[in-house]
Each structure stands twice: as structure tokens, then as C-alpha cells.
Amino acid sequence: MIISWNSTNQCNMYCDHCYRDAGAQASDELTTAEAKDLLDEIAKAGFKIMIFSGGEPLMRPDIVELTTYASQIGLRPVMGSNGTLLTPSLARDLKASGVMGIGISLDSMDVAHHDQLRQYDGAWQEAVRGMNLCKEAGLAFQVHTTVMDWNQHELEAITDFAVVQGAVAHHLFFLVPTGRGAHIEETSLQAAEYESVITRIMEKQKSVAIELKPTCAPQFMRIASEMGLKMRYGRGCLAGTSYCIISPRGLVQPCAYMDMVVGDVRQTPFSDIWANSPVFQQLRSMDYAGYCGHCRYKVACGGCRARAAVYHEGDYMAEEPWCLYRGGEAVDA
């Protein structure tokens with residue numbers, strides 16, 4: 001089980017696709033004490049992998065204290081970052097605190113395109129510098145790329161670059177138009193392109209030793225199976241089943257791209273929200289509408305629940321809108 005906490009809304013960038021609309025610090029973000037209580041609740045609920053994300057988590061002054069605490073109570077802390085704020089000493093401190101790895105965003109091999117998306121001059125160079133600092137500190141890192149129509153042609157090149165840099169994985173996030181991403185909806189892949197790009201990624205997996213993981217593209221589980229690839233994952237969409245996200249203010253959502261609050265950790269212990277939320281219970285039922293409800297890959301894939309909600313007026317149990325598969329009935333849900 002994996003969980004993500006947007007540890008702060010602060011960010012030194014203003015990325016076009018940010019689902020959290022990050023930038024300025026929120027006025028009532030969780031305090032250090034509240035954050036430690038939350039981490040205790042997350043461990044109590046049975047989660048193992050603890051993602052510290054943002055905004056930019058490295059802008060939170062107590063981030064090393066919190067990753068240390070997470071490690072001490074048995075969680076496996078990892079981090080999602082733009083990489084620009086890393087220093088040699090901070091990379092070493094994160095490693096010493098128990099951080100298992102850090103995901104650093106790189107969206108293009110074209111420096112200008114990456115910097116433009118991130119609204120930050122020097123973002124590309126500083127991200128690569130961050131990767132090198134991780135390598136020097138012995139801190140594992142992976143490359144994160146948001147997939148859009150304008151960079152889909154260079155995904156394999158970014159994977160090759162990740163390999164050369166020494167990354168342990170390349171995770172590719174298919175744009176879901178929420179937050180600021182709603183303003184660039186026209187850049188998201190649809191239907192045939194969506195299927196084609198997932199297939200290309202899985203084909204590339206055959207030739208590289210690092211892990212390639214499409215995210216918000218749960219059909220990769222079907223495509224990998226059809227290609228005979230063994231994946232370490234048991235399911236595509238994890239929203240509400242073995243994953244959720246918590247905002248800087250402690251509001252719980254099924255995933256980063258499902259803009260619905262199912263609880264507030266300041267009012268209800270997180271472990272209770274995770275166990276009892278009606279939204280989570282419905283997601284776990286897998287009682288999907290449309291073809292998703294009787295697809296043979298219903299359990300392994302699940303369809304993107306966030307994309308279903310965006311394109312079906314909030315109905316997160318609706319049919320995945322960009323899936324082309326119509327190959328058979330569910331065998332056993």
C-alpha cells in the first residue's frame with residue numbers, strides 16, 4: 001500500500017500541469033506535530049510506502065525531521081521533487097534520514113520545452129544537477145515525466161537518458177486535466193494515441209533494465225500481460241483501494257486527480273477515514289459502469305477513475321473514456 005502527502009503547497013515553480021495549483025504556502029498547512037500524528041495514523045492503517053510530495057517538499061523546513069520520523073515508525077519514505085533545491089548536504093541528510101528514493105521531474109530532452117512547462121528558467125539543468133547530487137550521496141532516484149501530445153515522441157529518449165544518469169526507474173504520468181492541467185486539456189492523449197504510447201513504453205521495457213511505469217494509464221497492466229511482460233504491480237488504478245493522497249491541510253482524496261474530499265484528518269483519524277469512507281468503499285467494490293464493469297481486465301486494470309470522473313461529470317465509477325479494449329468479459333472479479 002502506498003500513500004502520498006502533499007506536505008506543502010509551496011513551490012519554487014509554477015508548472016502548467018500542476019494538479020495542486022501549487023505556488024504559495026497555504027495558510028493552515030499541517031504543523032510538524034500534526035504531521036507526525038498523521039504519519040502514526042498512516043502506519044496504523046497499514047501503509048508501507050510514504051510519498052512526501054508537494055508543491056515542492058524540499059521547501060518544508062522540517063522535511064528531514066519528518067522523513068526521519070516516518071522511517072523510525074516503519075514507513076518507507078520516498079519523495080517527489082523537481083530536484084532544483086537539492087544540495088550535497090541535503091541529499092546526504094535525506095539519505096541518512098531513511099529516504100529510500102526521490103523522483104525528479106524531467107519532461108523533455110529539449111531544455112527550453114521543459115523549462116517552459118515548468119515556468120522556471122534553468123529547471124532542466126538544475127533537475128539534472130539534482131540527479132547527480134543524489135548519485136553522489138548514494139540516494140536512489142528515478143525520473144518522472146508527464147506525458148502530453150508534444151513530448152510523446154521523445155519518451156524513449158528520456159528513458160535512455162535516465163539509464164545513462166543512473167536512475168532506478170522512469171515513471172510516466174499521463175496527463176489528467178485537473179488543477180492547472182485543466183487549462184492544457186488539449187495536450188492530453190486520447191484513445192488511439194493513449195493506447196499506442198502505453199504499448200511503446202511496454203515495448204521499451206523489454207530493452208532496458210530499469211523499471212518503466214505508466215501512471216494514470218492503468219491499461220498498461222493489460223498491455224504488459226498481452227506482451228508477456230511480468231510486472232511487479234498487481235493492479236493499474238490504485239485509487240481508494242491501496243492508495244490515496246492527503247493535501248497540505250490534511251484533506252483526504254482518493255487520488256491526486258480526483259478532486260473530491262472524503263475526510264479531514266484534523267477532524268477524523270486517518271485510519272478511520274481509510275477504513276470507512278463511503279467513497280473508498282465504493283471504489284473497492286469495483287462496481288464500474290459501462291465496459292469497465294465487465295471487462296476481463298477489470299481487476300488488474302480498473303480503468304482510470306480520475307479520468308472517468310473528469311469526463312463523466314464527476315462519476316468516478318463510470319467507464320474509462322480513452323480505453324479502446326473490447327476483448328472479452330470479466331473472468332472473475
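In this text, all values refer to a predicted model and were calculated from it rather than measured experimentally.
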Quiz item: Would L324 end up clustered with M227 when hydrophobic side chains under 4.5 Å apart are linked, directly or stepwise?
Solution: no
Quiz item: Is R60 paired with D62 through a side-chain N to carboxylate O contact shorter than 4.0 Å?
Solution: yes
Quiz prompt | Audit row: D149, Q190, side chain to side chain donor-acceptor pair (under 3.5 Å) steps and yes/no | solution = CA-CA 9 Å; D149 61 355; Q190 300 181 12; over 6 Å; no
Quiz item: Quick one: do the N6 and S53 side chains pair a donor with an acceptor below 3.5 Å?
Solution: yes
Quiz item: Which is it for S285 and M317 under the side chain to side chain contact (heavy atoms under 4.5 Å, CB included) test, yes or no, and what are the steps along the way?
Solution: CA-CA 10 Å; S285 76; M317 298 300 285; 4.0 Å; yes
Quiz item: Ion pair present between R92 and E136, side-chain N to carboxylate O less than 4.0 angstrom?
Solution: no
Quiz item: Can any side-chain N or O of Q165 pair as donor or acceptor with the backbone N or O of A162 at less than 3.5 Å?
Solution: no
Exercise. Check for a donor-acceptor pair, side chain of N276 on one end and backbone N or O of I273 on the other, with a separation under 3.5 Å.
Key: no
Practice problem: Give a yes-or-no answer on whether the side chains of D287 and Q282 include a donor-acceptor pair shorter than 3.5 Å. | Solution: no
Exercise. Count the heavy atoms of every other residue, nucleotide or ligand shown that sit under 6.0 Å from CD of E313, and state whether that count exceeds 12.
Key: no
Practice problem: Run the salt-bridge test on R305 and E319 with the 4.0 Å N-O cut-off and return the result as yes or no. | Solution: no
Practice problem: Say whether N82 and E126, considering side chains only, have a donor N or O and an acceptor N or O under 3.5 Å apart. | Solution: no
Quiz item: Hey, mind stepping through Y288 and C295 against side chain to side chain contact (heavy atoms under 4.5 Å, CB included) and telling me if it holds?
Solution: CA-CA 10 Å; Y288 309 130; C295 176; over 6 Å; no
Exercise. Establish, from distance only, whether the side-chain atoms of Y19 and Q253 form a donor-acceptor pair under 3.5 Å.
Key: no
Quiz item: Charged N to carboxylate O below 4.0 Å: is that the case for D107 and R118?
Solution: yes
Quiz item: Can you check whether L86's main-chain N or O pairs, donor with acceptor, with R129's side chain at less than 3.5 Å?
Solution: yes
Practice problem: Show your working on side chain to side chain donor-acceptor pair (under 3.5 Å) between Q152 and E193 and close with a plain yes or no. | Solution: CA-CA 9 Å; Q152 61 169 301; E193 282 185 327; 3.2 Å; yes
Quiz item: Donor-acceptor pair, R284 side chain versus G240 backbone, under 3.5 Å?
Solution: yes
Self-check item: Residue pair S108 / D110, side-chain donor-acceptor N/O under 3.5 Å
Solution: no
Practice problem: Find out whether V78 and I102 are in side-chain contact, i.e. whether some heavy atom of one side chain is under 4.5 Å from a heavy atom of the other. | Solution: no
Self-check item: Worked verdict on I3 versus I42 for side chain to side chain contact (heavy atoms under 4.5 Å, CB included)
Solution: CA-CA 8 Å; I3 189 167; I42 286 170; 3.7 Å; yes
Quiz item: According to a 4.5 Å side-chain heavy-atom criterion applied to Ile, Leu, Val, Met, Phe, Trp and Tyr, with indirect links allowed, do F174 and W150 form part of one hydrophobic cluster?
Solution: no
Quiz item: When you measure from the side chain of S71 to the backbone N and O of T68, does any donor-acceptor pair fall under 3.5 Å?
Solution: no
Quiz item: Is the shortest distance from a Lys or Arg side-chain nitrogen in E29 or R249 to a carboxylate oxygen in the other one below 4.0 Å?
Solution: no
Exercise. Indicate whether any N or O donor in one side chain lies under 3.5 Å from an N or O acceptor in the other, for Y194 and Q219.
Key: yes
Practice problem: Without swapping roles, check the side chain of D115 against the backbone of A123 for a donor-acceptor pair under 3.5 Å. | Solution: yes
Quiz item: Can you tell if the side chain of R200 reaches within under 4.5 Å of the side chain of V197, non-hydrogen atoms only?
Solution: yes
Exercise. Treating Ile, Leu, Val, Met, Phe, Trp and Tyr as nodes and any side-chain heavy-atom pair under 4.5 angstrom as an edge, say whether I184 and V176 lie in one connected cluster.
Key: no
Quiz prompt | P57 side chain near S7 side chain, heavy-atom distance below 4.5 Å | solution = yes
Quiz item: Is the closest side-chain donor-acceptor distance between T8 and E56 under 3.5 Å?
Solution: no
Practice problem: Can you see which heavy atom on H312 is nearest to which on P321, and at what distance? | Solution: NE2-CB, 4.4 Å
Self-check item: N12 versus T84, side-chain donor and acceptor atoms under 3.5 Å
Solution: yes
Self-check item: R326 to Y291, cation-pi by 6.0 Å centre distance and 45° axis angle
Solution: yes
Quiz item: So do the side chains of K213 and L172 get within less than 4.5 Å of each other, counting heavy atoms only?
Solution: no
Practice problem: Classify the side-chain pair T159/H170 by whether it contains a donor and acceptor separated by less than 3.5 Å. | Solution: yes
Exercise. Would you confirm whether R232, through its side chain, and E211, through its main-chain N or O, come within 3.5 Å as a donor-acceptor pair?
Key: no
Quiz prompt | same_hphob_cluster(V208, V168) at 4.5 Å side-chain heavy-atom cutoff | solution = no
Practice problem: Evaluate side chain to side chain contact (heavy atoms under 4.5 Å, CB included) for K204 paired with D160, printing each intermediate quantity in order. | Solution: CA-CA 10 Å; K204 183 67 173 177; D160 290 338; 2.8 Å; yes
Quiz item: Between E41 and V265, is any pair of side-chain heavy atoms under 4.5 Å apart?
Solution: no
Self-check item: Atom of A300, atom of M221 and distance for their closest heavy-atom approach
Solution: O-CG, 3.4 Å
Quiz item: Just how far is it from atom SG of C15 to atom CD of Q116, taken to the nearest 0.5 Å?
Solution: 12.0 Å
Self-check item: Any donor-acceptor N or O pair under 3.5 Å, side chains Q25, N9
Solution: no
Practice problem: Might you confirm whether atom CG of D16 has over 12 heavy atoms from other residues, nucleotides or ligands at distances under 6.0 Å? | Solution: yes
Quiz item: Distance from K230 atom NZ to Q205 atom CD, nearest 0.5 Å?
Solution: 14.0 Å
Exercise. Compute the centroid of each ring, for F47 and then for W274, and state whether the two points are separated by less than 6.0 Å.
Key: yes
Quiz item: Does I104 belong to the same Ile/Leu/Val/Met/Phe/Trp/Tyr cluster as Y14, with side-chain heavy atoms less than 4.5 Å apart forming each link?
Solution: no
Quiz item: Quick one: OG1 on T146 to CG on L117, what's the gap to the nearest 0.5 Å?
Solution: 7.0 Å
Quiz prompt | Nearest heavy atoms of M202 and P214, plus distance in Å | solution = CE-CD, 3.7 Å
Quiz prompt | Gap separating the NE2 atom of H114 from the OG1 atom of T145, nearest 0.5 angstrom | solution = 9.0 Å
Quiz item: Is P254 close to L283 at the side-chain level, that is, under 4.5 Å between some pair of heavy atoms?
Solution: yes
Quiz item: Going by heavy atoms in the side chains, are L229 and K206 under 4.5 Å from each other?
Solution: yes
Exercise. Give, for atom CG of L66 and atom CG of L38, the distance between the pair rounded to the nearest 0.5 Å.
Key: 9.5 Å
Practice problem: Check whether the side chains of H171 and Q142 place a donor and an acceptor atom closer than 3.5 Å, and report yes or no. | Solution: yes
Quiz item: So how far is it from L175 CG to C216 SG, rounded to the nearest 0.5 Å?
Solution: 9.0 Å
Self-check item: Any side-chain donor near an acceptor of the partner, K95 and S97, under 3.5 Å
Solution: no
Quiz item: Do F52 and I63 have side chains that get closer than 4.5 Å, going by heavy atoms?
Solution: yes
Quiz item: Is there a donor-acceptor pair under 3.5 Å between the side chain of R76 and the backbone N or O of M100?
Solution: no
Quiz item: Can you list the steps and then say if W322 with Y311 is a ring-ring contact (aromatic ring centres under 6.0 Å, His included)?
Solution: CA-CA 10 Å; W322 302 141; Y311 292 102; 5.1 Å; yes
Quiz prompt | Salt bridge present between R222 and E195 (N-O < 4.0 angstrom) | solution = yes
